[in-house]
There are 2 protein chains.
Amino acid sequence: MNKPATTRDPEQTRLRIMEAATDLFVEQGFSSVTMSQLASAAGVTKSLIHHHFGSKERLWEAVKEHAFEQYFSAQMAMLEEAGEPDAGLLRASVEAYFHYLKANPKAVRLFAWTHLEGDTSCGDMDAQLMGAGAEWVRQAQQRGLLRADVNPTHIVATFVMTCTQWFEAKCHHQHWPGMGSDEAFLEDFLKIFMAGVAPRD
Amino acid sequence: MNKPATTRDPEQTRLRIMEAATDLFVEQGFSSVTMSQLASAAGVTKSLIHHHFGSKERLWEAVKEHAFEQYFSAQMAMLEEAGEPDAGLLRASVEAYFHYLKANPKAVRLFAWTHLEGDTSCGDMDAQLMGAGAEWVRQAQQRGLLRADVNPTHIVATFVMTCTQWFEAKCHHQHWPGMGSDEAFLEDFLKIFMAGVAPRD
DNA sequence: AAGCTTATTGACCGGTCGGCCAGTTAGCAT
DNA sequence: ATGCTAACTGGCCGACCGGTCAATAAGCTT
């Protein structure tokens with residue numbers, strides 16, 4: 001049943017290349033990474049990368065696709081386990097999203113690169129996630145748990161974008177005077193956000 | 001007094017190179033732009049770019065520095081004309097910042113590139129701006145115009161990051177289902193944000 | 001008019017880029 | 001054992017990279 005200790009293992013090789021490529025692309029972006037870098041980081045020859053992926057561009061696409069799938073399934077799982085709409089659960093969702101990003105800095109940087117590229121290949125998956133999130137908020141609005149005079153999509157977008165930018169621009173604002181830790185910021189943001197989406201008196 | 005119509009004008013040349021470089025770097029990032037591209041876009045030879053800027057890296061730094069100075073002085077002017085703390089003025093500041101970013105998409109993309117680079121060269125200017133903004137909020141808190149149980153820096157950061165991400169990731173979320181226009185989003189964000197930072201009952 | 005400075009050019013450089021290809025070798029089916 | 005397929009290698013390629021340099025020419029000073 002268990003794989004024999006063969007000297008060749010194409011799947012394992014593909015995986016090693018993907019992993020090395022993910023690290024390099026996430027760190028430096030697509031164009032400044034070279035095939036030689038990729039090859040030596042993965043411990044294989046350039047030719048072998050071409051054999052498995054065809055070209056540098058297609059390797060980059062494979063890396064992005066894989067990362068998006070990971071992100072998508074993780075978020076979908078979080079959405080499904082969130083259960084019935086409830087004001088407390090919105091808070092929990094924001095916290096969960098924030099901590100997911102904190103635990104997955106590679107995903108954050110990958111998103112940032114794709115934003116700049118104008119890549120829209122993950123559009124379908126993202127639209128699906130956002131649609132589900134907005135629907136969840138809409139139900140909470142109908143039950144009077146959240147204010148109903150704002151677009152549900154905008155509610156989700158607000159917290160998603162704030163969390164995303166917090167980690168994407170970390171290097172930029174981490175030295176701002178008075179800026180707190182991740183947890184301190186999250187706590188303050190939640191105070192503002194939860195009070196902001198609470199039903200109007 | 002007026003400049004003669006000379007065939008040579010080094011300052012004008014420098015400017016043309018800077019403008020072409022800004023457009024290309026903003027669009028494609030540093031590493032995927034080539035000197036040949038820059039030269040033909042600016043209508044000069046590669047050698048002339050080296051003559052005026054020394055290297056590709058130093059041209060990139062000049063472009064960033066210039067953009068940061070523009071941004072910094074524009075923001076400082078906005079802060080100074082904001083005047084005395086007031087809840088209505090916070091709303092106006094958010095709107096002004098949002099519309100500044102909307103009117104300066106190049107600056108937005110430049111920030112995004114520098115975030116990914118981990119560039120912190122604009123740290124001092126940014127810290128100064130953020131310090132002034134946070135001080136402004138702190139005074140409003142002391143006067144009871146804003147809730148005082150959140151870090152003033154976090155209040156400023158929240159709206160700055162939301163506005164920034166709205167434009168940085170536009171290509172990403174503009175196709176999300178239910179997402180409104182710039183103005184519709186800004187209006188909803190302001191509803192949430194202003195209610196969120198209002199003094200507690 | 002002469003001379004100096006410097007903006008500007010075009011030819012050129014070594015190095016490296018992504019990619020290709022012929023050849024080798026490991027695993028597997030028969 | 002014998003082929004066959006595909007993983008894998010090393011060497012090579014033309015293109016292009018950022019950068020240099022000697023030569024030219026425009027504008028300024030005197």
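Please read all numbers here as calculations on a predicted model, not as lab measurements. The sequence lines fix the lettering, A, B, ..., with proteins before strands; numbering per chain opens at 1.
Regarding B:K56, its NZ atom lies at a distance of 9 Å from the C1' atom of D:dC17, rounded to whole Å. Per the geometry, CZ belonging to A:F53 stands 16 Å off P belonging to C:dC20, to the nearest Å.
In the set C:dT8, C:dC20, D:dG19, D:dG19 carries the atom at the smallest distance from any side-chain atom of B:E57. Of the candidates C:dA26, D:dT20, D:dA7, C:dA26 carries the atom nearest the A:T7 side chain, counting heavy atoms from C-beta on. Of all nucleotides listed (C:dA11, C:dG19, D:dG18), C:dA11 comes nearest to the side chain of B:S47. The side chain of B:S36 lies closest to D:dC17 when the candidates are D:dC17, D:dG10, C:dG19.
Here the side chain of A:H115 pairs no donor or acceptor atom with the backbone of B:C171 at under 3.5 angstrom. The closest donor-acceptor contact from the side chain of A:N104 to the backbone of A:A107 lies at 3.5 Å or more, if one exists at all.
Contact check, A:H50 against D:dC8: no side-chain N or O comes under 4.0 Å of OP1 or OP2. Between C:dT8 and B:T13, a contact under 4.0 Å exists linking OP1 or OP2 to a side-chain N or O.
Heavy-atom distances under 4.0 Å link DNA chain C to A:K46 of residues 37-46 of chain A, given in residue order. A heavy atom lying under 4.0 Å from DNA chain C marks the following residues of residues 17-35 of chain A, by number: A:V33, A:T34, A:M35.
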Could you list, one pair per line, each protein nitrogen or oxygen that sits under 3.5 Å from a nitrogen or oxygen of nucleotides 2-6 of chain C, together with the distance?
none

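Here the shortest heavy-atom pairing between A:M179 and B:A157 reads CE-CB, 3.6 Å.
Shown here are the side chain to side chain contact (heavy atoms under 4.5 Å, CB included) partners of A:H175, two or more places apart in sequence or in another chain: there are none.
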Please tabulate, for the side chains in residues 126-137 of chain B, all donor-acceptor contacts under 3.5 angstrom to protein atoms that are two or more places apart in sequence or on a different chain.
from: B:D126; atom 1: OD2; to: A:H172; atom 2: NE2; distance (Å): 3.1
from: B:D126; atom 1: OD2; to: A:W176; atom 2: NE1; distance (Å): 3.0
from: B:E135; atom 1: OE1; to: B:R138; atom 2: NH1; distance (Å): 2.6
from: B:E135; atom 1: OE2; to: B:Q139; atom 2: NE2; distance (Å): 3.3
from: B:W136; atom 1: NE1; to: B:G83; atom 2: O; distance (Å): 3.0

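With respect to A:E183 and A:K102, a salt bridge is recorded, a charged nitrogen being found less than 4.0 Å from a carboxylate O. Under 4.0 Å is where a charged nitrogen must lie from a carboxylate oxygen, and between B:K64 and B:E117 at least one such pair does.
Each end of the helix from C:dA1-D:dT30 to C:dT30-D:dA1 gets its own axis, taken as the rotation carrying the C1' atoms of four end pairs onto the next four within a five-pair window, and the two axes meet at 10° to the nearest 10 degrees.
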